[in-house]
Structure formats: C-alpha cells, structure tokens
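First the structure, in the form of structure tokens, and then the observations on it.
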Amino acid sequence: MNIEQPPAPLAAALRQGQRWYPLPARWLPGLALAVLAVLAWAALFPATLAPYSPTDMDTNYILQSPSWRHLFGTDENGRDVFSRAVHGAHDSLAIGVLATLIGLGLGMLCGFIGGLGGRALDWAVTRFVEVMFAFPSIVLALLFITVFGNGAYTTAVAVGLSMFPGFARVIRTQVRVQKNAEYINASVALGRSPRFILVRHLVPNVMWPLLALFTLGIGQSIIWGAALGYLGMGAAPPASEWGLLLASGKNFIYSAWWLTLFPGLLIAATSVAATALGRALESRNRNP
Amino acid sequence: MSWVVFKRHRKGLATLTPLGAHLGARLALWRLATQGLSALLVMFGVVSVTFIALRVVPGDPARLIAGGGSGIDVSEVVLQQIREQYGLNRPLLQQYLSMLYDFGRGQFGYSYIMRDDIGSILQRYLGPTLLLAVTALACAWLLALAFVLWSARGGRLASALGAVVETLSASLPHFWLGALLIMLFSVQLRWLPAVSEPGSVPGLVMPVLTLALPCAGYLAQILRGSLANALQAPFALSARARGESEWGVLLRHALRHAIAPAISASASFFGALISGAVVVESVFSRPGLGRVLMLGVDGRDIQLVAAVVTVAALLYVIANLAADNLVRWVDPGAAHEH
C-alpha cells in the first residue's frame with residue numbers, strides 16, 4: 001500500500017472513467033474566451049446584436065416579463081432590457097478595462113520605482129503602497145468621486161486607483177527578483193544601456209507573467225465599477241451601464257424579477273469568465 | 001540543558017532565566033512595539049492622503065461644500081462664511097496640522113449634512129457595520145472550512161467541483177447576490193425581511209450571507225491550496241506512518257498549517273468586507289457606516305467623508321495587526337518563513 005497517497009475510493013473509481021472528467025477543465029479557458037469575445041463584440045457593435053434601440057419606448061409593453069418579443073422583458077418605460085443590456089456592455093467593459101489599465105499603469109510606476117530605486121526610495125514607495133492598501137477599495141473610489149464628481153470616466157479612474165496598490169506590490173517583488181537575474185547581468189556585461197535593459201528585458205519579463213493578474217483584475221473592476229453605478233456614483237443615468245440597470249431594477253424587485261436577474265447575470269458572467277481565464281493563465285505560468 | 005542569562009529586575013535583583021524565554025519575551029515586546037509604530041505610520045499616511053485628496057487637489061473646497069455637489073453658483077459672501085467656519089482661510093500647513101491633531105484625539109468635527117457631531121455619528125453607526133462585517137467574516141470561515149474539508153476528502157471530482165464553486169462564488173457581485181436573496185427569501189418564500197433593521201436577527205441573515213458568500217469563495221480557494229500542500233508535507237506522512245487516520249491527519253496536523261495563510265488573507269478580506277458593507281447596507285437599506293459615507297459623498301460633506309474614510313482605514317489596520325499576531329499564535333513556524 002502506498003502510504004503517501006491512500007487510495008480514495010472515488011478517485012479510484014474515477015480512474016476508470018477518466019475521459020469525461022478532464023474535459024470541462026480543458027474547455028473552460030476556451031469557453032471563457034468565447035464569452036468574453038461575444039461581450040467584446042456587443043461592446044463594439046451593439047447595434048448588430050440588439051433588436052431595438054436602448055431608448056425606444058414601447059408604451060404598449062411596460063414591465064412585460066421575458067418573451068420572444070422581448071428576450072429580457074421590458075422596463076418601466078417599455079424599453080427592451082436586452083437591448084439596453086447589450087448597449088450597456090460598452091460602458092461596463094470600458095470601465096473594467098480602463099480601470100485595470102490605470103491600476104496597472106500606476107502599479108508599474110510605483111513597482112518599478114520601488115524595485116529599482118535605492119533603499120530609501122524603496123522604503124518610501126513601500127510605505128506609500130501600504131497606506132493606499134489601508135483604504136478599502138470602494139472607500140478610496142468614493143473619496144475620489146467626492147472630489148471629482150461621478151461619471152463613467154471618473155468611475156474608471158476611481159476603480160483603477162483602488163486597484164493599483166495590489167498591482168504595485170506584485171510588480172515591485174517581480175522587479176526585485178528579475179533585476180538580479182542572470183540575463184540582466186549578461187546584458188550589462190554586453191554593455192547595453194540601462195534604458196535598453198529596462199524596456200527590452202525588465203518590463204516584458206516582469207509584465208508578461210502579470211497577464212493573468214490583469215485578466216483577474218478586469219473581472220474585479222467590472223464588479224466594482226458596476227457597484228459604483230448601482231450606488232448611483234458611477235455612470236450617469238441616460239447610459240445603460242449594467243450597475244445602473246440593476247439600480248433601476250431595485251425599485252421593481254417585488255414585481256419585475258427580470259430587471260434584476262439579467263443585468264446581474266451579465267455582470268457575474270463577465271467577471272466569472274475573466275476570472276476563469278485569469279486562473280487558466282496563472283496555472284499555465286506556474287507549470288508551463 | 002539550555003542556555004541561561006541574567007535577568008535584571010527593577011530592584012536590582014538578578015535571576016537566571018533560560019535564554020529562549022528571555023529573548024522570546026523581549027522579541028514579542030519589540031515586535032509589538034514595531035507593529036504599533038508602523039500601524040501609526042500608516043494611519044498618519046492615511047490622514048495625509050485624505051487631506052491631500054479633499055483639501056489640496058480640488059480648486060476650492062468651500063465651493064464644493066456650498067454647492068453640495070450640484071455645481072450651483074454661490075455668492076462670494078457665502079463662500080467667505082464657509083471658509084471662516086471650516087478654517088479654510090488658514091494656511092494649508094496649519095489646516096493639515098490641526099486635522100492631524102484633531103483626528104489623533106478623535107475629534108472629527110461637525111457634519112452639516114447630518115447636523116450632528118461626527119464623533120457621535122460614528123459611535124452610532126460603527127457598531128452595526130462592525131457587527132455585519134465580523135459576523136460575515138466568521139460565517140465565511142465556517143462555510144469555507146466546512147466546504148474545503150468536505151471536498152478535500154472527496155477525491156478529484158469533489159475538489160474539481162469545489163474549485164468551480166469557489167470561483168463562481170468569489171466572482172458574484174454583492175449587490176446582485178443581495179437582490180437575488182431578497183427575491184428568493186423575501187418575495188417568493190416570505191421568510192426574511194427585505195429591509196434590515198439594525199437590532200433584528202432575521203434582518204441580519206441576508207446581509208451577512210451576501211457578504212459572506214463571495215468572501216467564503218476566496219477563503220476556500222486559499223484554504224484548498226494550502227491544505228493540499230500541507231497534506232503532501234513530511235509531517236503529514238509521519239503522522240500517517242504513526243497510524244493516524246486520514247481525518248486525524250487532516251484535522252489535527254494539516255489544518256493547523258493550512259489556516260495560517262488564510263488568516264493573513266483574512267485581514268485584506270476585512271477591507272473588502274468593509275467595501276462590501278457599503279454596498280450591502282445600500283441593498284438592504286441597513287443603517288451603518290456605509291450609508292453615512294454615501295450621504296457624505298452625495299452631499300460633498302468633506303469633513304464627514306474624511307472621518308469615515310479614516311475610520312475605515314483604521315479598521316483595516318487593526319484587522320491586519322490582529323491577523324499578524326493570530327498567525328504567529330496558530331503557527332509559530334510561519335514567523336520564520338517571512
């Protein structure tokens with residue numbers, strides 16, 4: 001008997017029928033990518049997917065439950081929820097991607113300064129990141145919104161700002177590890193300029209492994225962006241950002257469940273897809 | 001036999017103590033002192049960043065206060081009055097120092113939106129939010145532990161299924177989860193109230209679940225990873241060799257090591273729980289710090305916003321301190337790995 005791994009009955013049973021089991025795991029990243037591709041298409045060309053205009057009011061169909069005519073039902077003004085959700089994809093995804101880019105940019109700035117700088121500089125940057133970490137993310141975002149008012153772009157910046165400490169910490173560690181690597185020494189020995197080493201070696205080698213983190217970040221920032229929209233602190237009402245759709249559905253939660261279910265399902269699906277993709281990338285990084 | 005040292009007492013008496021105990025007590029004190037100092041430093045930074053955000057960056061805080069976020073033009077006389085009242089006409093450095101001094105003493109000033117002293121507002125609303133966040137964290141731990149232990153013994157299918165469930169629950173947005181729970185338990189089944197009154201226990205169930213489920217997903221992910229590592233470790237093998245049952249290895253040996261990373265992570269989850277509380281309080285119309293913050297942001301009450309932001313950061317810093325020391329207590333070996 002093998003002491004190290006005692007036979008688990010279920011695992012042994014599974015070994016016989018192993019073919020069906022790994023399939024979902026192998027298909028998951030592809031499925032996630034497909035979901036994200038459809039959403040990206042909706043964000044870029046909403047008119048090709050939406051059957052109606054997001055602002056068209058059909059007064060004969062007010063608060064109708066889902067049907068073939070109105071796939072996600074209609075809201076209190078007789079607007080088609082499916083079309084509004086499709087048109088809202090642009091705002092929600094843009095906020096998610098933009099916020100993650102802003103967070104990554106700020107994180108890179110702090111991470112590289114801290115990672116490459118001397119001890120004093122590193123100490124200062126680490127302390128600064130620690131301070132920014134202490135603000136709960138939505139609180140930091142709200143602090144920003146207090147000052148600059150609300151709107152889609154402010155939301156993106158606010159969410160990005162609340163994400164950057166996490167990125168900064170990881171990037172700083174990566175830089176610290178990579179800058180002492182053999183290939184950097186070799187490059188120095190070859191007489192490359194510091195700028196060349198930074199741009200051609202350090203940045204790609206630090207950032208590529210972070211692709212997984214970037215994907216995970218998009219999933220998170222879409223949720224936080226939608227949360228701000230839901231709280232009435234994000235994109236302004238004529239837009240049909242998903243958080244806003246949910247906020248207006250809140251008023252009809254007792255009578256019109258479809259106003260809440262479908263926009264939320266989209267937010268959850270997007271973030272789950274992004275997370276699944278991120279996890280797949282992460283595990284590929286760990287054991288290529 | 002062990003090393004001994006002289007330990008000098010206050011009265012000049014000297015006794016012999018084992019070196020380990022002597023150093024250990026010294027080290028613990030020293031560590032607590034440095035931890036406290038760095039926590040203070042972080043709080044100093046928090047107040048500074050808040051000050052910079054609210055007083056320095058925007059053009060005119062007085063206009064912000066007067067407009068209440070509406071952007072209405074106000075006369076210079078009113079603006080001057082506001083500057084007078086809030087001390088905005090003083091030099092920035094003086095304002096900064098007085099804010100540090102006041103916040104350090106726990107004097108947060110007056111909120112014009114809620115027409116009350118901010119200190120007493122915080123006193124009233126901190127409790128419900130803390131109750132929500134702490135109960136949610138405890139609930140998340142219970143859920144995550146139960147789920148991971150169940151799936152850890154279930155073989156590959158269970159752990160694959162577990163990973164999927166964890167990823168799903170970890171990426172559920174709070175506001176949607178809360179709304180779904182309301183639709184299920186309040187609208188369909190009529191079991192629980194949709195509006196959470198501060199004192200009622202049934203009213204606490206759904207907000208806590210809403211906060212706890214995504215958090216449990218994250219916790220379970222961490223626990224599953226570290227538990228898998230611990231089960232492969234040499235001490236698990238030696239425990240098995242001594243004839244310990246698989247449950248015994250899991251509960252008595254592996255778990256102790258596996259929960260340390262999850263405890264450290266819990267501190268940052270506490271920050272996320274505070275964020276989540278802001279959303280959840282809005283979903284369930286529950287009074288708390290989050291609602292106060294929303295009121296402050298809506299009305300551009302910068303004094304109130306500054307106070308709530310500082311307190312939220314303080315909660316996070318305290319949670320971090322607590323988690324740090326808890327990890328050392330649960331798994332003393334973890335201290336050496338850092």
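Chain letters run A, B, ... following the sequence lines, proteins first and then strands; every chain starts at 1. All figures in this text were calculated on a predicted structure; none of them were measured in a lab.
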Discussion item. Can you tell me which portion of A:Leu246 sits under 4.5 Å from chain B's heavy atoms? Options are side chain, backbone, both or neither.
Written reply: side chain
Response to the item:
Heavy-atom closest pair (A:Thr126 atom, A:Arg172 atom, distance to 0.1 Å) is OG1-NE, 3.6 Å
Item to complete: Could you tell me how the ring of A:Trp257 sits relative to the ring of A:Phe262: parallel (under 30°), tilted (30 to 60°) or perpendicular (over 60°)?
Response: tilted
Discussion item. Given heavy-atom pairs under 4.5 angstrom as the criterion, report whether the side chain, backbone, both or neither of A:Ala226 touches chain B.
Written reply: both
Worksheet item: Which region of A:Phe144, side chain (C-beta onward) or backbone (N, CA, C, O), has a non-hydrogen atom less than 4.5 Å from a non-hydrogen atom of chain B, or is it both or neither?
Response: neither
Item to complete: Please report the shortest heavy-atom distance between B:Ala306 and B:Met99, naming the atom on each side.
Response: CB-CE, 4.2 Å
Practice prompt. Answer with side chain, backbone, both or neither: which region of A:Leu261 has an atom nearer than 4.5 Å to a non-hydrogen atom of chain B?
Written response: both
Worksheet, complete the sentence: Separation between OG (B:Ser48) and CZ (B:Phe51), nearest 0.5 Å, reads 9.0 Å
Worksheet item: Are any non-hydrogen side-chain atoms of A:Phe133 and B:Tyr316 less than 4.5 angstrom apart?
Response: yes
Fill in: Distance, nearest 0.5 Å, that separates CD1 of A:Ile171 from CZ of A:Arg176
14.0 Å
Item to complete: Specify which of B:Gly45, B:Ala319, B:Gly271, B:Ala313 makes the most heavy-atom pairs with chain A at under 4.5 Å.
Response: B:Ala313
Worksheet item: Top residue by heavy-atom pair count (under 4.5 Å) with chain B, among A:Asn150, A:Val272, A:Ile267?
Response: A:Val272
Worksheet item: Taking B:Thr310, B:Leu293, B:Asn320 one by one, which has the highest count of heavy-atom pairs under 4.5 Å against chain A?
Response: B:Leu293
Item to complete: Return the option, out of A:Leu231, A:Leu140, A:Thr270, with the maximum number of heavy-atom pairs under 4.5 Å with chain B.
Response: A:Leu231
Worksheet item: In terms of heavy-atom pairs under 4.5 Å, which option from B:Val309, B:Val305, B:Ile182 contacts chain A the most?
Response: B:Val309
Worksheet, complete the sentence: Cut-off 4.5 Å, heavy atoms of chain A, and the answer for B:Val317 is side chain
Worksheet entry | Top contributor to chain A interface from B:Leu180, B:Leu172, B:Val279, B:Val283 [non-hydrogen pairs under 4.5 Å] | B:Val283
Item to complete: Please look at B:Gln221 and chain A and tell me whether the side chain, the backbone, both or neither of the residue comes under 4.5 angstrom of a heavy atom of that chain.
Response: side chain
Worksheet item: Looking only at heavy atoms, what is the nearest atom pair of B:Pro214 and B:Leu177, with distance?
Response: CD-CD2, 3.9 Å
Worksheet item: Tell me, side chain or backbone of A:Leu265 under 4.5 Å from chain B's heavy atoms, or both, or neither?
Response: both
Worksheet item: Distance from B:Leu130 atom CG to B:Leu289 atom CG, nearest 0.5 Å?
Response: 8.0 Å
Fill in: Over 12 non-hydrogen atoms of neighbours within 6.0 angstrom of CZ in B:Phe235
yes
